[in-house]
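Okay, structure first, notes after.
In this text the structure is predicted, and so the values were computed from the model without any measurement.
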Amino acid sequence: MIIGCDTPIEDVQTIYLTKESKTSVYLTRVIFEIFFKKNPEYRFFENYKKRQTVLLIGDKALEYKKDYKYVYDLSKIWFDKTGLPFTFALWCVNKDFFLNNKEKVNSFEYQLKKNVKEFFDNIENFELEKSRKDYLKNLDYGFDKKNIEAVKLFAKYLLEINLIKTLPDIRFTDGRVITVDGTQTFFNFEYNEAYHSTKAGAYTESLYKFTLPCKVDKLSKEKDEINILDVGFGLGYNVAVAIKVARENNPDVKINIISIEKDPFFIDRIKSMEIPEILTDEYNIIKNLQPSKIKINERYYNTYTYLEGNLNLLVIVGEGREIIYNLSKENYKFDAVFYDPFSPKVNTEMWTLDLFKVVKNLMTEKAILATYSASLPVRKGLIEAGFKIGLVEPVGRKSHSTVATINGEIPDLPEKEKKRLSTSPLAEPYRDECLCETKDKILEKYYQRINKY
C-alpha cells in the first residue's frame with residue numbers, strides 16, 4: 001500500500017482514500033495522526049483518477065505509483081517508526097462456527113498453510129512478472145511474536161484516535177488467547193470459555209479480582225503464615241500472582257496454598273504456555289510441582305506438590321465439590337479463598353448455596369472470598385450461606401466482581417444492588433443439597449423456581 005503525492009508528505013492537506021481496504025485507511029490515519037501529528041482531510045474515492053494525494057493498494061499501487069513525484073510505502077513508514085512488521089490481513093473464523101466445526105476448520109487451516117508452501121516452492125514456474133514475484137516473496141505469511149506485538153500496538157493507536165472502542169484479544173484455533181494485557185491464557189473447549197477474562201488480561205484479572213481483593217498484601221505483612229484456598233487452579237495465574245505479592249510484602253512469610261483442579265493434564269497446558277516475564281520465578285515453582293497422593297477424609301487424591309523453604313503448594317486433582325467437602329471434614333481453615341471455577345452458566349454445580357455453606361466452614365472469621373462473578377444467583381447464594389458481600393471495581397468489563405466474608409472488612413454493598421437482590425426474581429440461589437446433582441439438573445430446578453414468580 002502506498003501514498004502517492006505531488007508534494008512531500010509533510011505538506012499534505014487532503015488525502016483521497018480507497019474503499020478497498022479498511023486496514024490501509026486506518027494505517028494511513030495512524031501514520032498522519034500518531035506519527036506525524038497531523039490531521040489532514042480524508043475523502044474516499046470510487047474509481048482511480050490522478051489526484052494530488054491518494055492512497056492506493058495492491059495492483060493499483062504497482063500500476064499508478066509512476067503518476068506521482070513522491071511515493072511512500074506505508075508499511076515502511078510503520079516499520080521505520082516502530083521497528084515492527086505490519087500485518088495487512090489475518091485469516092479469521094467465526095467463533096461459534098469454529099466451535100461447531102473444529103475438525104473442518106483445522107483441516108482447512110492445514111491445507112491453507114500447505115498451499116502457501118507449495119506455491120512458493122514452485123513460484124519460479126508460474127508465468128508472473130519478476131516484480132510481482134519479488135513482491136509476493138517479500139510478504140510474510142506467518143503470524144509470530146513480532147506480528148502479534150505489531151497488531152497489539154496498531155490496536156493501541158486505533159484506540160487513541162477513537163477508531164475502535166476497546167482493545168481486542170487475539171485467539172488461535174489451538175486454544176491460545178493473547179489477552180488485552182499481553183499475557184496468555186487458553187480457551188477451554190470442554191466449557192467453551194477462556195480460563196481468564198480476555199478483556200482484562202490473565203495477569204490483571206488475577207491481581208485485581210483475586211489477590212488484592214483478598215488482601216494478600218496486607219495478610220503477608222500482618223501474619224507470619226497465611227493459608228489460601230484456590231478453587232480452580234487452571235493455568236496457575238492466581239497462585240503465581242499471590243506468591244509474588246505476598247513475598248514482595250514480606251519475603252519471610254510462610255505461604256500455604258491448597259488448590260483444586262479438575263483437569264489431570266493441567267501441567268502439560270502450563271508447560272506449553274508463554275509465561276509472562278513478571279511471573280518467571282513463580283512459574284518456575286509451578287513447573288516443578290511433583291506428582292504425589294494425599295488422603296483427605298478417607299479419600300485418596302492424586303496431587304501435585306511443591307514444598308521448599310517457606311512455600312507449601314498443593315494442587316489436588318478431582319471433582320471440586322467432593323474435595324471441598326472432604327477438606328471441611330478435616331477442619332482446614334483459610335485466610336483467603338480465590339473462587340475461580342468456570343462461569344455459573346457452564347459450571348453451575350460449583351456455584352450453589354449448598355457448596356457455599358461448606359466453603360464458609362473452611363474460612364476463618366476475617367477471611368475474604370473473592371470471585372469474578374457478578375451473577376445474582378451467586379450473590380444471593382453467598383448471602384443465604386451466611387456471608388456478607390461487597391463489590392469490587394470492574395476490571396476489563398462493566399460488571400463489578402464480588403467479595404464475601406463472615407466478619408472481615410470488605411466494601412459495603414451499594415443500596416442499588418441490595419434492592420436488586422431483594423426484588424429480582426433471578427436472585428434465587430442455585431441449589432444442590434447432596435452436592436451431587438448435574439449442572440443441567442441444578443439449572444432445571446432453578447428455572448422451575450424462578451418461573452413461579
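Checked against the 6.0 Å centroid criterion, the rings of Tyr372 and Tyr339 do not qualify as a close aromatic pair. Checked against the 6.0 Å centroid threshold, Tyr304 and Phe266 count as a close aromatic pair.
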Between Glu190 and Lys262, does the salt bridge (charged side-chain N to carboxylate O under 4.0 Å, His left out) criterion hold? Intermediate values first, please.
CA-CA 12 Å; Glu190 178 184 354; Lys262 179 183 177 183; 3.1 Å; yes
Going through the checks in order, is the side chain to side chain contact (heavy atoms under 4.5 Å, CB included) test met by Leu136 and Phe119?
CA-CA 10 Å; Leu136 292 170; Phe119 175 81; 4.0 Å; yes
side-chain hydrogen bond (donor to acceptor under 3.5 Å, both in side chains) evaluation trace for Asp181 with Thr204
CA-CA 7 Å; Asp181 69 1; Thr204 301; 2.8 Å; yes
How far apart are the C-alpha atoms of Ile178 and Gln184, what are their side-chain angles, what is the distance that settles it, and do they pass the side chain to side chain contact (heavy atoms under 4.5 Å, CB included) test?
CA-CA 5 Å; Ile178 309 298; Gln184 187 184 108; 4.1 Å; yes
Could you walk me through whether Trp91 and Glu109 satisfy the side chain to side chain contact (heavy atoms under 4.5 Å, CB included) test, starting with their C-alpha distance in whole Å, then the side-chain angles of each, then the deciding distance to 0.1 Å, before giving a yes or no?
CA-CA 9 Å; Trp91 178 74; Glu109 180 185 7; 3.8 Å; yes
Quick one: do Tyr195 and Phe186 satisfy ring pair (Phe, Tyr, Trp, His ring centres under 6.0 Å)? Show the steps, please.
CA-CA 6 Å; Tyr195 281 88; Phe186 279 89; 7.2 Å; no
Hey, mind stepping through Glu384 and Arg431 against salt bridge (charged side-chain N to carboxylate O under 4.0 Å, His left out) and telling me if it holds?
CA-CA 11 Å; Glu384 292 195 12; Arg431 297 178 186 273; 3.4 Å; yes
Report the C-alpha distance between Asp217 and Lys221 in whole Å, list the side-chain angles of each, state the deciding distance to 0.1 Å, and finish with yes or no for salt bridge (charged side-chain N to carboxylate O under 4.0 Å, His left out).
CA-CA 7 Å; Asp217 51 342; Lys221 290 177 182 178; over 6 Å; no
Stepwise, does the side-chain hydrogen bond (donor to acceptor under 3.5 Å, both in side chains) test hold for Gln111 with Asn115?
CA-CA 6 Å; Gln111 191 62 48; Asn115 290 348; 3.0 Å; yes
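The two residues Thr183 and Pro276 come nearest to each other via the heavy atoms CG2-CB, 3.8 Å. Taking both residues in full, the closest heavy atoms of Glu349 and Ile442 are given as CA-CD1, 3.6 Å, listed atom of the first, atom of the second, then distance. Residues Thr402 and Arg379 share a closest heavy-atom pair of OG1-NE, 2.8 Å. What you find for Leu443 and Lys345 is that their closest heavy atoms are CD1-O, 4.1 Å. Annotation for Lys380 and Leu421: closest pair NZ-O, 3.0 Å, computed over non-hydrogen atoms. Taking both residues in full, the closest heavy atoms of Ala242 and Thr211 are given as N-OG1, 3.7 Å, listed atom of the first, atom of the second, then distance.
Atom CD of Glu41 sits in a crowded spot, with more than 12 heavy atoms from other residues, nucleotides or ligands closer than 6.0 Å. Crowding of Lys333 atom NZ: a count of heavy atoms from other residues, nucleotides or ligands under 6.0 Å exceeding 12. Summarising the local packing, NZ of Lys117 is surrounded by 12 or fewer heavy atoms from other residues, nucleotides or ligands at distances under 6.0 Å. Within a 6.0 Å radius of NZ in Lys419, no more than 12 heavy atoms belonging to other residues, nucleotides or ligands are found.
Under 3.5 Å, the side chains of Tyr203 and Lys244 contain no donor-acceptor pair of N or O atoms. Judged purely by distance below 3.5 Å, without hydrogens or angles, the side chains of Thr198 and Asp169 pair a donor atom with an acceptor atom.
Note: Phe210 and Phe338 have perpendicular aromatic rings, judged against thresholds of 30 and 60 degrees for the angle between ring planes. Under the 30°/60° scheme for interplanar angles, the aromatic rings of Phe88 and Phe86 are found to stand perpendicular.
Atoms CD1 and CD1, from Ile34 and Ile161 in turn, are 5.5 Å apart once rounded to the nearest 0.5 Å.
Because its NZ or CZ atom is not both nearer than 6.0 Å to the ring centre of Phe265 and within 45° of the ring axis, Arg269 does not count as a cation-pi partner of that residue.
For Ser259 (side chain) and Asp230 (main-chain N/O), a donor-acceptor pair under 3.5 Å exists by modelled atom type. Checking side-chain atoms of Glu261 against main-chain N and O of Gly234 turns up a donor-acceptor pair under 3.5 Å.
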